[in-house]
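Data first, discussion second: the structure below is written as structure tokens.
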Number of protein chains: 2
Amino acid sequence: MSTKENLSFRQDAASTPPRAFRPHDHDSCVAGAMQAAESLCAESGARLTPVRRRVLEILLEGHRPMGAYDVLARLDAEGLGSKPPVAYRALGFLVDNGLAHRIERLNAFIACPRPTDDNHAPAFLICRGCGSVAEVSATLPGIPKGFRVERTTVEAEGLCAACTDSPE
Amino acid sequence: MSTKENLSFRQDAASTPPRAFRPHDHDSCVAGAMQAAESLCAESGARLTPVRRRVLEILLEGHRPMGAYDVLARLDAEGLGSKPPVAYRALGFLVDNGLAHRIERLNAFIACPRPTDDNHAPAFLICRGCGSVAEVSATLPGIPKGFRVERTTVEAEGLCAACTDSPE
DNA sequence: CTCCTAAACGTTACATGATAACAATGCAAG
DNA sequence: CTTGCATTGTTATCATGTAACGTTTAGGAG
Ligand SMILES: [Zn+2]
Ligand SMILES: [Zn+2]
Ligand SMILES: [Zn+2]
Ligand SMILES: [Zn+2]
């Protein structure tokens, strides 16, 4: 459990599908991510306020992205806020602090499963069958000399192993 | 001129910046892309109608992406249409036929400089300094076995060589 | 050439996604 | 305590994208 998922995926890319596409102990999955978020914030001084913490928990419920307004609906139902900026600010905080990522193709957000694994240039595998999204590590090959890359967006849409097998 | 830019960039990635980031004969750049678009459409039976052709020309004016409403403003000024669906339909046609691409990070569209170079899984280098975008070829490494990739979005934001050198 | 059909176009209305701006509140350092 | 700054609450508005439906047009069948 000490190995990064994105690294282990690299090491034996041929064997194991990412955790998000497999049945797994999701409770400990969530607990680990929350734990990591807490310690990251404690370390950096970032304030994981109630709304921010709750949004992270909501995002962590499934390995699938949620739109800002989906998150907002949840917050509203729980009395934590009803106006767009509430959701966007919390999501912005999480993204800025590496606790969540934005999926550009979907205009949606997903919790980072391993926020303490630093320096990750994340790539996302988006299954159009089940809607799950797995975060893996990607390095772009062949960037021309002279272009200084600051941020990358790498997203692949397709079918996960389970959805490929399933009878349509 | 027979070599694909995206291939040549791969072959000597260390030497030449992509054309979009260099001064070049842009008129012939445009002429080539229009030529390629014409023959692709002739071949496939797709109809490059006046609005569609004009939108492609507009996108080709610079190696930079334009939002749908920017394009629409141009069309409106020329009396070619004033309602969003006009722009979105033309852009959709161009994207579907490989004559333009959508840049997800920017909610914007850019003309494909080499639409006849087939099978391209394009990647985009986005310069935040000058706003130019270069299209290069990218293959994603290390996709886990079992995930069937259908479409990719690969975008890198940063600074092109010229903008890195320029004194802020 | 005429008729027919499918594609393209024009327009209305709406859905969805995101942010600017400012007032009110909480909170911690000095 | 008080002063400053981050956070929150709220309003209003902007930006992006699409469903739906009627009309026009191009181009092939007869
Ligand atoms: Zn899980
Ligand atoms: Zn799936
Ligand atoms: Zn050019
Ligand atoms: Zn530049």
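Scope of the values below: all heavy atoms of this structure, side chains included, with no hydrogens, waters or symmetry mates. Chain naming here is simple, since letters A, B, ... match the order of the sequence lines and numbering starts at 1 in each. This is a predicted model, so every value here is computed, not measured.
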How many whole angstroms separate atom [atom1] of [X] from atom [atom2] of [N]?
| X | N | atom1 | atom2 | answer |
| --- | --- | --- | --- | --- |
| K83(B) | dT23(D) | NZ | P | 16 Å |
| N97(A) | dA6(D) | CG | C1' | 13 Å |
| F93(A) | dA6(D) | CZ | C1' | 11 Å |

Query raised in the report: Can you tell me if the side-chain N/O atoms of R52(B) get under 4.0 Å from OP1 or OP2 in dA7(C)?
Result: no

Query raised in the report: Is Y88(B) near enough to dT18(D) that one of its side-chain N or O atoms lies under 4.0 angstrom from OP1 or OP2?
Result: no

Query - Audit row: R151(B), E155(A), salt bridge (charged side-chain N to carboxylate O under 4.0 Å, His left out) steps and yes/no - result: CA-CA 8 Å; R151(B) 274 174 303 183; E155(A) 301 169 5; over 6 Å; no

Report task. Mind telling me whether H63(B) and H26(B) have parallel, tilted or perpendicular rings, with 30° and 60° as the class edges? Result -> perpendicular

Query raised in the report: Using the ring of each side chain (for Trp, its six-membered ring), is F21(B) parallel, tilted or perpendicular to F147(A), with breaks at 30° and 60°?
Result: parallel

Requested in this report: State, to the nearest 10°, the angle formed by the axis through the first five base pairs of the helix from dC1(C)-dG30(D) to dG30(C)-dC1(D) and the axis through its last five.
Outcome: 30°

Query raised in the report: Hey, would you say the H101(A) and F109(A) ring centroids sit under 6.0 Å apart?
Result: no

Query raised in the report: What string of B, S and - do you get for nucleotides 21-30 of chain C, 5' to 3', if B is base contact, S is sugar-phosphate-only contact and - is no contact with any protein heavy atom under 4.0 Å?
Result: B-----S---

**Report entry** Proximity to DNA chain D (any heavy atom under 4.0 Å), residues of residues 55-75 of chain A only
**Finding:** none

Query raised in the report: When all nucleic acid strands are considered with a 4.0 Å heavy-atom cut-off, which category describes S82(A): base, sugar-phosphate, or nothing?
Result: nothing

Query raised in the report: Which nucleotide in the list dT11(C), dG17(D), dA18(C) gets nearest to the side chain of N107(B)?
Result: dG17(D)

Query raised in the report: Is R102(A) salt-bridged to E104(A), cutoff N-O under 4.0 Å?
Result: yes

Query - Lys/Arg-Asp/Glu bridge criterion (N-O < 4.0 Å) met for R53(B), E57(B) - result: no

